[in-house]
Amino acid sequence: MSDLIDDPREGENAPEFSVTELSGAIKRMIEGEFSHVRIKGEVGRVSFPRSGHVYLDLKDDRSVIAAVMWKGVAARVTTRPEEGMEVVATGRLTTFPGQSKYQLVIDDIKPAGVGALMAMLEKRKAMLQAEGLFAPERKKPLPYLPEIIGVVTSPSGAVIRDILHRLRDRFPRKVLLWPVAVQGEQCAPQVANAIEGFNKLTPGGAMPRPDLIIVARGGGSLEDLWGFNEEVVARAAAASDIPLISAVGHETDTTLIDFVSDKRAPTPTAAAELAVPVRLEMLAWVEEQGARLTRGLEQGLRQRDQRLRDLSRALPRADALLQTPRQRLDTAADALPRALQSGVQSRRVALAEKSGGLSDRTLLRMIEIQRQRLGRSADRLSPEALGRDIRQKKDKLQSTVQRLQFLGERQTSKLRGQLDSLAGLAEAYSYTNTLQRGFALVRGDGGLVKTAEAARAAQVLELEFADGRMTVGQSDTPAPPAAPAKPAEKPAPKAKTPPPEQGSLF
């Protein structure tokens, strides 16, 4: 009996799962087992879509895990993942049932040790250098004696006290402090905002715009100073219109802001020394220059006095210089009376010669000549002469009017002939004459039909003959009855234009 019943094969009694049920079970198992993991690996493919999320791959020499950082986490973390960076990512594993794959949802990501930070720093440094932000020609000179100095640093550290103390010793100046965090997640955005904020201040406003900016921080490890290696800080320092001194860390510490700033100071105290000169040294220098100026003036006056005395000894005496001019003046004074008498006598003779030609007879003759000339001019202006001149010009005007009238009639006749010729041509080319010879005009669907294909496609055809119109075909809407075509009328002969009246120009 038992031989007649086959034994069930292995697995036939196992429960059946739907695809969704199996995917959900796998998801719950993976999320339960790996709800919190830390993974060390190299960043592979990275993408930053407009949604704000970050998608990346974590890989080693044999495997790859897909990972995602949601928008809120990506805005919070301090490390921006870059391809080739070695990082330590903290998060949880989950599955994506739509594609049967698993991925790491990252809650935090940091570089894996100092080596990764240095590699990322060198990569950023090479990128900014290729853009020309380190070029010496773009660096601005520092003002010799700034009126207002803006300081970007922590308000509670020893850095601001050292800067204020050094400025007070060297040359007291007004200081504007922009408090920022000098390490941690908020360091980079706050420092960049402080630099941009100082540049946006209006010169001469309620809050004065500084003439110089100092970005300062005390010493620390590479991780402590990392905020000054961020790209946003370096670009803000490079874009500053106000000259900027970087004083971050100790003399051996180097950050990206040191390369883009206009001047690097090894310490915050040294930054204050670069910002202003020593007041006492300036006063001593001014006093020394004043003493040199006084000595130079005194020496110049002594030299000019000695030179004047030397030149005065070489000059001749005043009496010797005036002897010859005095003698010439005496000679001219003796000759002056004789010269005056001779001049008066010569002018008297010339006057007598001129007065001989001015007799009464000569004057009367000149008056008679002018009277005769005036009489001839009066004859030309008599009424008889004016009337004669008017008659001549009237005859000339009448002749001109007759000539213009003749020309106008000839031009009008010529234009009338051209108009009659054009009217005959228009009548000859009229399509109604063509219809008289047995042709027909075909219209269909609102336009002329010129081809057989268009005629076959039209629903209704309208044929126009010389004596009327007819319709072929049926339309959805009844058309109004066509009016019979009127025979072409010959244009009435045009009357000749009467000649212009006598005395008109045309």
Side-chain angles (χ1 to χ4, degrees), residues 48 78-85 111 114-153 159 163 176 178 180 182-183 187-201 203 209-220 222 224-277:
F48 301 90
T78 58
T79 302
R80 179 184 175 91
E82 300 176 7
E83 187 173 352
M85 181 191 302
V114 177
L117 289 175
M118 292 302 297
M120 184 168 59
L121 177 60
E122 291 299 324
K123 184 177 180 180
R124 288 181 183 172
K125 181 179 176 182
M127 179 185 65
L128 296 178
Q129 186 174 12
E131 295 181 14
L133 300 185
F134 300 168
E137 57 270 13
R138 60 164 301 277
K139 297 182 182 296
K140 297 174 285 295
L142 303 181
Y144 180 70
L145 186 60
E147 289 290 334
I148 301 172
I149 300 175
V151 179
V152 180
T153 189
V159 171
I163 292 176
L176 289 179
W178 194 300
V180 296
V182 292
Q183 70 181 52
C187 173
Q190 289 186 8
V191 172
N193 291 335
I195 297 173
E196 294 174 359
F198 273 138
N199 279 271
K200 290 180 180 179
L201 293 177
R209 188 172 188 259
D211 304 312
L212 180 68
I213 297 177
I214 298 177
V215 180
R217 188 207 187 280
L222 180 62
D224 295 338
L225 303 179
W226 189 252
F228 299 92
N229 287 320
E230 294 291 347
E231 183 178 350
V232 63
V233 175
R235 293 192 180 277
S240 174
D241 294 329
I242 304 174
L244 187 142
I245 299 176
S246 64
V248 178
H250 297 303
E251 187 172 0
T252 56
D253 298 325
T254 304
T255 56
L256 278 182
I257 194 174
D258 296 331
F259 295 99
V260 298
S261 61
D262 299 305
K263 194 73 175 179
R264 177 185 181 269
T267 60
T269 303
E273 294 176 355
L274 291 173
V276 295

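Just so you know, these numbers use all the heavy atoms, side chains as well, and skip hydrogens, waters and symmetry mates. Fair warning: this is a prediction, and the values are worked out from it, not measured in the lab. Heads up: numbering here begins at 1 and tracks the sequence.
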Applying side-chain contact (heavy atoms from CB on, under 4.5 Å), can you list everything that pairs with [X], at least two apart in sequence or on another chain?
{"X": "Ala234", "value": "Leu128, Leu256, Val260"}
{"X": "Pro146", "value": "Pro143, Ile149, Asp211, Leu212, Val276"}
{"X": "Ala265", "value": "Ile245, Ala247, Ala270, Ala271, Leu274"}
{"X": "Glu273", "value": "Arg166, Arg170, Thr269"}

Minimum-distance pair of heavy atoms, taken over all atoms of [X] and [Y]:
{"X": "Pro210", "Y": "Leu201", "value": "CD-CD1, 4.1 Å"}
{"X": "Ala188", "Y": "Val232", "value": "CB-CG1, 4.0 Å"}
{"X": "Cys187", "Y": "Phe228", "value": "SG-CE1, 4.0 Å"}

Rounded distance (nearest 0.5 Å) linking atom [atom1] of [X] with atom [atom2] of [Y]:
{"X": "Leu142", "Y": "Leu244", "atom1": "CG", "atom2": "CG", "value": "9.5 Å"}
{"X": "Glu196", "Y": "Arg235", "atom1": "CD", "atom2": "CZ", "value": "12.5 Å"}
{"X": "Ile195", "Y": "Asp241", "atom1": "CD1", "atom2": "CG", "value": "12.0 Å"}

inquiry  = Test of understanding: with ring pair (Phe, Tyr, Trp, His ring centres under 6.0 Å), list the residues that count as partners of Phe198, not counting sequence neighbours.
reply    =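 With neighbours one apart ignored, the set is Trp178.
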Go through the structure and list residues passing salt bridge (Lys or Arg N to Asp or Glu O under 4.0 Å) with [X], not counting sequence neighbours.
{"X": "Lys140", "value": "Asp262"}
{"X": "Arg138", "value": "none"}
{"X": "Asp258", "value": "Arg264"}

Would you please name every residue forming a side-chain hydrogen bond (donor to acceptor under 3.5 Å, both in side chains) with [X], sequence neighbours left out?
{"X": "Gln183", "value": "Arg217"}
{"X": "Gln129", "value": "none"}
{"X": "Ser240", "value": "Asn199"}

request  = Please report the C-alpha distance between Glu230 and Arg124 in whole Å, then the side-chain angles of each, then the deciding distance to 0.1 Å, and finally whether the side chain to side chain contact (heavy atoms under 4.5 Å, CB included) criterion is met.
outcome  = CA-CA 9 Å; Glu230 294 291 347; Arg124 288 181 183 172; 3.2 Å; yes
request  = Could you list all the ring-ring contact (aromatic ring centres under 6.0 Å, His included) pairs where at least one residue sits in residues 230-268, not counting sequence neighbours?
outcome  =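 Checked against ring-ring contact (aromatic ring centres under 6.0 Å, His included) - neighbours excluded - the pairs reaching residues 230-268 are Phe134-Phe259.
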